[in-house]
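Notes to accompany the following structure.
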2 protein chains.
Amino acid sequence: MITDPPYGSGGFLAKDTTKSSKSKYVSSDASYQQTLPDIDGDSLHPEAWKELMLNACKEAKRVLKPGGYLLMFIDWRNLPALQEAIHAAGIQLRGTAVWDKGRATRPNKNGFRNQAEYILWGTHGSIATRETPVYLPGVLQHATLTNGKVHITQKPEALMSDLVEICPPGGVIYDPFMGSGTTGVATLKSGRQFIGAESVGQYFETALNRCRGVLGGERI
Amino acid sequence: MITDPPYGSGGFLAKDTTKSSKSKYVSSDASYQQTLPDIDGDSLHPEAWKELMLNACKEAKRVLKPGGYLLMFIDWRNLPALQEAIHAAGIQLRGTAVWDKGRATRPNKNGFRNQAEYILWGTHGSIATRETPVYLPGVLQHATLTNGKVHITQKPEALMSDLVEICPPGGVIYDPFMGSGTTGVATLKSGRQFIGAESVGQYFETALNRCRGVLGGERI
DNA sequence: CCTTGCGATGAATCCATAT
DNA sequence: GATATGGATTCATCGCAAG
């Protein structure tokens, strides 16, 4: 299970929960405001967001085979809460990988640039041996997408391709918050199988089309 | 205040609290086992470690001027607890910088390399304006030291030199867990003033000598 | 085809103003 | 007085057009 859930980044101030996720993430580009729908679940009250994350992690525990992996994106603000949710669901937390977005992120006056997002990863029980072991890097450097985005927080496909390698060849990857479906695209291109879910209809359609684009005439 | 406290990384398993910090951090080089003393406070029970961190953060709040900065190193395991301690002490948490140690770290079979450490940073109250503002990167890439280390968890001087820039020129930097004194060396070389503390006598002497080496004949 | 330059952008943050 | 709103800010990078 590899997923990029809503970050619920209104965690510290109540007022943030009243903004729509669009107005938080899209600063000035008016075309996005008109064409891209909101993220569902990002404006939740902190407690409700934690509950949602806990349920997602419990679902991971339920569907994962023994030795299966859970990978979840999060920002620095809600990393502690998500770590707790993963732990509470009974997933064995193994570490934190870093997505280094590079220097093309907004600078921070008299402070450190907010340049990284985090990927918490754990397993259902102990790590399974496999025929050809993989050794993945702990810091993944990929620039953020600038144009041609079909989702507000769309991840680079190359980043997802790196992550997908954690699943044994031919395995199944599940993304319950698939958004525009980049996880699915990277999964299918790697020859693995994909199951995805998305609550916003417009994003679901986008994801379906992008996955179809990879598979061509094959059954979907 | 810039400091690299004991990580208390025996947080999840009780047996870890019985290991000495040496046996955890020094893998194969037998000479270290003989010559370098333990870190004080690293084998604490999780609750005792949290208490120690909370006290350190409260001390930061006490000594920092308004607008002053707190920077603390931590690994992924105890990041949530330290974040909580900083928050509880009344320091305003601003973000998380990443120390990318590069590929020269131990690979992780069927998993992501544990390649990063984290630097939580916050301020006492709001950020002060300064004559010439600084814009610091969010990911700092510096290889770990391999030889010539005088402390088990010694940080590269170039890394500390980057961090020291958060303090206005001519300012004072305080490190209550200074270890072998790399923070002090970087601070003094940058023309700032330094105050340090260290509970292990042998490390204190090392730090004193290294700082003297920078200052030369000046008063220490 | 390669280089230069201009413009737009970012899971943001700050501060002054309004409620 | 505390909280919410809105506009200005900052720079490394990418895209695109022009030379």
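In what follows, every heavy atom counts, from backbone to side chain, and hydrogens, waters and symmetry copies are set aside. In what follows, chains carry the letters A, B, and so on, assigned in the order in which the sequence lines appear, proteins first and then strands, with residues in each chain numbered from 1.
If you check every strand for non-hydrogen atoms under 4.0 Å, Asp75(A) touches nothing. Residue contacts shown for Asn110(A) are absent, as no nucleic acid heavy atom lies under 4.0 Å away. At a threshold of 4.0 angstrom between heavy atoms, the contacts of Pro5(A) include nucleobase atoms, whether or not backbone atoms are also involved.
Nucleotide dG5(C) is matched to dC16(D) when pairs are restricted to Watson-Crick or G-U wobble geometry with both distances under 3.5 angstrom. For dA12(C), the paired nucleotide is dT9(D), the pair qualifying as Watson-Crick or G-U wobble because both relevant distances are below 3.5 Å.
Among the nucleotides dC11(D), dA11(C), dA12(C), the one closest to the side chain of Pro107(A) is dC11(D). Ranking dA12(D), dG10(C), dT13(C) by closeness to the Asn108(A) side chain, first place goes to dT13(C). Counting only heavy atoms from C-beta on, Tyr135(B) has its side chain closest to dT10(D) among dA12(D), dA11(C), dT10(D). Listed nucleotides dA11(C), dC14(C), dC14(D) differ in distance to Ile39(A); the shortest reach to its side chain belongs to dA11(C).
Checked by distance alone, Arg106(A) brings a side-chain donor or acceptor within 3.5 Å of a matching partner on the base of dA12(C).
Remark: side-chain polar atoms of Trp121(A) are not paired, donor with acceptor, to backbone N or O of Arg94(A) under 3.5 angstrom.
Atoms CG (Asn78(A)) and P (dA12(C)) sit 13 Å apart, rounded to a whole Å. Following rounding to the nearest Å, Lys109(A) (NZ) and dA12(D) (C1') show an atom-to-atom distance of 18 Å. Following rounding to the nearest Å, Lys149(A) (NZ) and dA8(C) (P) show an atom-to-atom distance of 17 Å. With rounding to whole Å, Gln115(A) atom CD is found 14 Å from dA12(C) atom P. Nucleotide dT13(D) holds its P atom 11 Å from the CG atom of Asp100(A), rounded to whole Å. Taking atom CG on Leu159(A) and atom P on dA11(C), their separation rounds to 13 Å, with Å as the unit. Between Lys101(A) atom NZ and dC11(D) atom C1' there is a gap of 15 Å when expressed in whole angstrom units. If you take CG of Leu145(A) and P of dC14(D), they are 11 Å apart, rounded to a whole angstrom.
Note that CD1 of Ile127(A) and OH of Tyr69(A) are 4.5 Å apart. Values are rounded to the nearest 0.5 Å. Taking NZ of Lys61(A) as the start and OG1 of Thr123(A) as the end, the distance is 9.5 Å to the nearest 0.5 Å.
Remark: of the listed residues Glu117(A), Gln115(A), Gln141(A), Glu117(A) is the sole one forming a side chain to side chain donor-acceptor pair (under 3.5 Å) with Lys101(A).
Sequence order on DNA chain C of the closest nucleotides to Ile127(B) and Ala104(A) puts Ala104(A) first from the 5' end.
For the residue pair Leu120(B) and Gln83(B), the shortest heavy atom distance occurs at CD1-N, 3.7 Å.
With sequence neighbours left out, the salt bridge (Lys or Arg N to Asp or Glu O under 4.0 Å) criterion links Lys189(B) to Glu157(B).
In this model, the phosphate group of dT9(C) is not approached by any side-chain N or O of Arg103(A) to a distance below 4.0 Å at OP1 or OP2.
A gap of 23 Å separates the C1' atoms of dA11(C) and dG7(C), to the nearest Å.
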